[in-house]
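All heavy atoms count here, side chains included; hydrogens, waters and symmetry mates do not. By convention here, the first residue in the shown sequence is residue 1.
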Amino acid sequence: MQPGIPDQDLNRAVERLEASGHLKPGSRMHRLLTYLLAAETEGRGDEVKAYAIAVDVLDRGEDFDPQEDSIVRVEVGRLRRLLDNYYSTDGSADLLQFRIPSGSSRVEVVPQDAGPEPEEKPPPAPMRNRLLLALAAVVILAAGFAGGGYWVYRRLSEPEQIVRTDTPILEVRSIHDAVGDPDLAYVGPALQSVLTRELSHFRTLRVRSAGPDAPNVTVPGRPGTDFVLSGVLAPGTGGTDLELVLTDDATDTVLWSDRLPIDTDDPELAASLQNWIQEAVVSIAAPGGAIPAEEMRRLEDRLKAEASEDWEYLCYLKWHAYDLTKDSRHERLARVCLEALIERGTTDGRIWAAYAFMSFLDWTKTGAGTDHPLMARAEDAVHRATTLDPLGAEGFEYLAGILLARGDTAAAADAYDAAWELNPSKPDIHVARGWQQMLSGEWDEGLANVRAGTALTLNPPGWFRIPLSIDAFTKGDFHAARTQAVLMLVSGDERGRILAALAAAEAGEQDAAQRHLAELQASGRTVASALDEIRAVFNHPETMAAYEEAASRLLGE
């Protein structure tokens, strides 16, 4: 902030922004600018952190975690572009200019004659050219994420060849162009291709593509459609909006929708579009997404009318419900159906993968070495899974987890690479690969992958947060470590109990530490056995030594 600038001059500068139409009074951008300006005029600009901005301006709750929620960076970036756009056009002659340097959230007030000479900029490209370039980048990026695996994509998008008929079918229709520009005719097919490719990676559904107005008719020998994903490119208040809508094909009920305002002046348009598509795919098809949640509801209704509980797709969804929550009720349901199907000799690779990881989780609770029979059972089952379903990412993901527990980090990396190639959109693989990197000495890079996968997930399962809690603990941020552990408990993952107890104890919160300790002991587990469960999945010697020392202090040993 330049010293000596009168408040009335600052107010006039804000009023000019409002009068130009670039900054709407009462809008989020208006609140953000005035908040940041107030901090500067009061001399506390360097004290305003992301947490305060999120809670005070962006309507986030007190449990906001800037490491997992990028809302502050995104909104400050929007304000930065809004200001840059105004001062390069309508506001070029304003006596005072507000600027937000890249990478900062502080507002600088620059008198016109004190600012640098504006760079000569090329004329803005037409909207269709900018959007074309962004879409081209997204299509290329999606192909790259798939490891160039066009054959993989083709197989997965031809569902009748790959999975059982009880798996629902999602029809992806081309995006309707309501803008009326004939040069945008490529948008629908391009987005349809990207969405079909990304959604095809998930084994909870089968995917096919169709025209925008595909009729709901029955073709002999061809399964009907269960869900429809459609979209529209339409004029919006600030330019052009892209909207996607997921519906139940039988009832036309909307199960999910989202809208992306397209700012063709945004230099990061391709990245924004890619991130939005990836978030949409996760919200639709990932475990806990709109389609698996709806299918679980339907199949539970079906159970009320039928005696059988052991068909593969229902059991697969039960497993995902347990994997997401670690809830004991879901565990019992998943365990019963998995064991019944394995005993029956199922040939569904998804079931073998789930059974393998259930066995692995059972092993982590024993505190035994890797020569335990449960580990051998898990390995046998996961190899059966990858043989039966070589295009299923989960088999390779779970194989990697088992190899990591054995200490074979190089082989685990190869297995995670295979899982990544088969399903680059699944947040779990980001997180699991991050674990492997952290345990292999690439701590910061791995932590970034964990955070990226967590940020992609609306309701992250507890295990996502184990490395986040551990990282905070090792850095002495015991409050953050306990927060992550408590969020694990909220999700149903009791492994967070020991992490919460030790973080609270190290933070000097003895009442909370003793409460967590009592609840741990009431569940029939000891501090030692609880730490063994953590060690089984995150065996980092220095970290575990720090936890052992903290446990000794907590127990007064």
> Counting C-beta onward and ignoring hydrogens, is there a side-chain heavy-atom pair between T483 and D63 closer than 4.5 Å?
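No, their side chains stay 4.5 Å or more apart.
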> Ignoring hydrogens and angles, tell me if any N or O in the side chain of T346 forms a donor-acceptor pair with the backbone of D348 under 3.5 Å.
yes
> Do you know which two heavy atoms are closest between A285 and P292, and how far apart they sit?
O-CG, 3.6 Å
> Between E548 and R535, is there a side-chain heavy-atom distance shorter than 4.5 Å?
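Side-chain contact under 4.5 Å: yes.
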> Step by step, would you call T247 with S230 a side chain to side chain contact (heavy atoms under 4.5 Å, CB included)?
CA-CA 8 Å; T247 57; S230 57; 5.6 Å; no
> Go through the steps to decide whether D389 and W352 satisfy the test side chain to side chain donor-acceptor pair (under 3.5 Å), and finish with yes or no.
CA-CA 9 Å; D389 189 7; W352 281 99; over 6 Å; no
> Flag the pair F473 / T543 as yes when at least one side-chain heavy-atom distance between them is below 4.5 Å, and no otherwise.
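Of all side-chain heavy-atom pairs linking T543 with F473, none is under 4.5 Å.
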> Looking at side-chain heavy atoms only, is the closest gap between H540 and M438 below 4.5 Å?
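SC-SC contact between H540 and M438 ruled out.
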> With D417, which residues qualify under salt bridge (Lys or Arg N to Asp or Glu O under 4.0 Å), at least two apart?
R433
> With no hydrogens and no angle check, is any side-chain donor or acceptor of S529 less than 3.5 Å from a backbone partner on R525?
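No: the side chain of S529 does not pair with the backbone of R525.
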> So, using ring pair (Phe, Tyr, Trp, His ring centres under 6.0 Å) as the criterion, who are the partners of H430 when residues are at least two apart?
W420
> Start with the C-alpha gap between L233 and L191, add the side-chain angles, then the distance that decides, and say whether side chain to side chain contact (heavy atoms under 4.5 Å, CB included) holds.
CA-CA 11 Å; L233 189 70; L191 284 173; 5.9 Å; no
> List the steps and the verdict of side chain to side chain contact (heavy atoms under 4.5 Å, CB included) for Y322 and R332.
CA-CA 9 Å; Y322 166 61; R332 288 191 297 273; over 6 Å; no
> For D226 and I169, indicate whether the former's side chain and the latter's backbone hold a donor-acceptor pair under 3.5 Å.
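Checked: pair present.
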> Which pairs would a plain distance check flag for residues 407-416, meaning a side-chain donor or acceptor within less than 3.5 Å of a matching protein atom at least two apart in sequence or in another chain?
{"from": "D408", "atom 1": "OD1", "to": "A411", "atom 2": "N", "distance (Å)": "3.2"}

> If you measure from the Lys or Arg side-chain nitrogens to the Asp or Glu carboxylate oxygens, is any gap between E519 and R497 under 4.0 Å?
yes
> I need the L244 CG to L260 CG distance, nearest 0.5 Å.
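One finds 9.0 Å between CG of L244 and CG of L260.
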> If we count only N and O atoms by modelled type, under 3.5 Å, do the side chains of W463 and D428 hold a donor and an acceptor together?
no
> Sort and list the pairs that fulfil salt bridge (charged side-chain N to carboxylate O under 4.0 Å, His left out) and have at least one residue in residues 460-473, not counting sequence neighbours.
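Listed once each, the pairs are E68-R465, R451-D471, D471-K475.
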> Applying ring pair (Phe, Tyr, Trp, His ring centres under 6.0 Å) to W363 and F360, what does each step give before you reach the verdict?
CA-CA 5 Å; W363 168 79; F360 172 73; 5.7 Å; yes
> Measure the OG-CZ distance between S469 and R482 for me, rounded to the nearest 0.5 Å.
11.0 Å
> Taking the side chain as everything from C-beta on, heavy atoms only, tell me whether I466 gets closer than 4.5 Å to W435.
yes
> Between the main-chain N or O of H383 and the side-chain N or O of T386, is there a donor-acceptor pair closer than 3.5 Å?
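Looks like yes, one N/O pair under 3.5 Å.
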> Considering non-hydrogen atoms only, spot the tightest contact between G453 and P427 and give its length.
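So the minimum-distance heavy-atom pair works out to O-CB, 3.4 Å.
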> Between Y316 and Y313, what is the ring plane arrangement, given parallel below 30°, perpendicular above 60°, and tilted in between?
tilted
> Show, in sequence, the C-alpha distance, side-chain angles and deciding distance for E279 and S283, and conclude whether the side chain to side chain donor-acceptor pair (under 3.5 Å) test is met.
CA-CA 6 Å; E279 290 172 3; S283 297; over 6 Å; no
> Rounded to the nearest 0.5 Å, what separates atom CG in L403 from atom OG1 in T370?
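Output value for this atom pair is 11.0 Å.
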> Between P461 and D323, is any pair of side-chain heavy atoms under 4.5 Å apart?
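No. Closest side-chain heavy atoms not under 4.5 Å.
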> List in chain and number order the residues that pass salt bridge (Lys or Arg N to Asp or Glu O under 4.0 Å) with E331, two or more places apart in sequence or in another chain; answer none if no residue qualifies.
R335, K365
> At what distance, to the nearest 0.5 angstrom, does OG1 of T454 lie from CG of L487?
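Result: 10.5 Å between the selected atoms.
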> Quick one: closest heavy-atom pair of I429 and E397, and the distance?
CG1-OE1, 3.9 Å
> Listing request: all salt bridge (charged side-chain N to carboxylate O under 4.0 Å, His left out) pairs with a residue in residues 367-380, at least two apart in sequence or in separate chains.
E379-R406
> State the CG-CD distance between D248 and E294, to the nearest 0.5 angstrom.
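Reported value, rounded in 0.5 Å steps: 6.0 Å.
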> Can you find a heavy atom in the side chain of L205 that is under 4.5 Å from one in the side chain of F227?
no
> Which heavy-atom pair separates I498 from I534 by the least distance, and what is that distance?
CG2-CG1, 4.1 Å
> Going by the angle between their ring planes, with limits at 30° and 60°, are F357 and W319 parallel, tilted or perpendicular?
perpendicular
> For D493 and G462, work out which heavy atoms get closest and say how close.
OD2-C, 3.8 Å
> Go through I277 and L195 one step at a time and tell me if the side chain to side chain contact (heavy atoms under 4.5 Å, CB included) criterion holds.
CA-CA 7 Å; I277 289 174; L195 288 165; 3.9 Å; yes
> What's the separation between atom OG1 in T196 and atom CZ in R208, rounded to the nearest 0.5 Å?
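The OG1 atom of T196 sits 12.0 Å away from the CZ atom of R208.
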> Show the nearest heavy-atom pair for residues P390 and L422, with the distance to one decimal.
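Closest heavy-atom pair between P390 and L422: O-CD1, 3.7 Å.
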> Measuring only between side-chain heavy atoms, which start at C-beta, is V245 closer than 4.5 Å to V232?
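Side chain of V245 against side chain of V232, heavy atoms only: no contact under 4.5 Å found.
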> E394 side chain to A354 main-chain N or O, any donor-acceptor pair under 3.5 Å?
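No, the answer is negative, given that no donor and acceptor are paired below the 3.5 Å cut-off.
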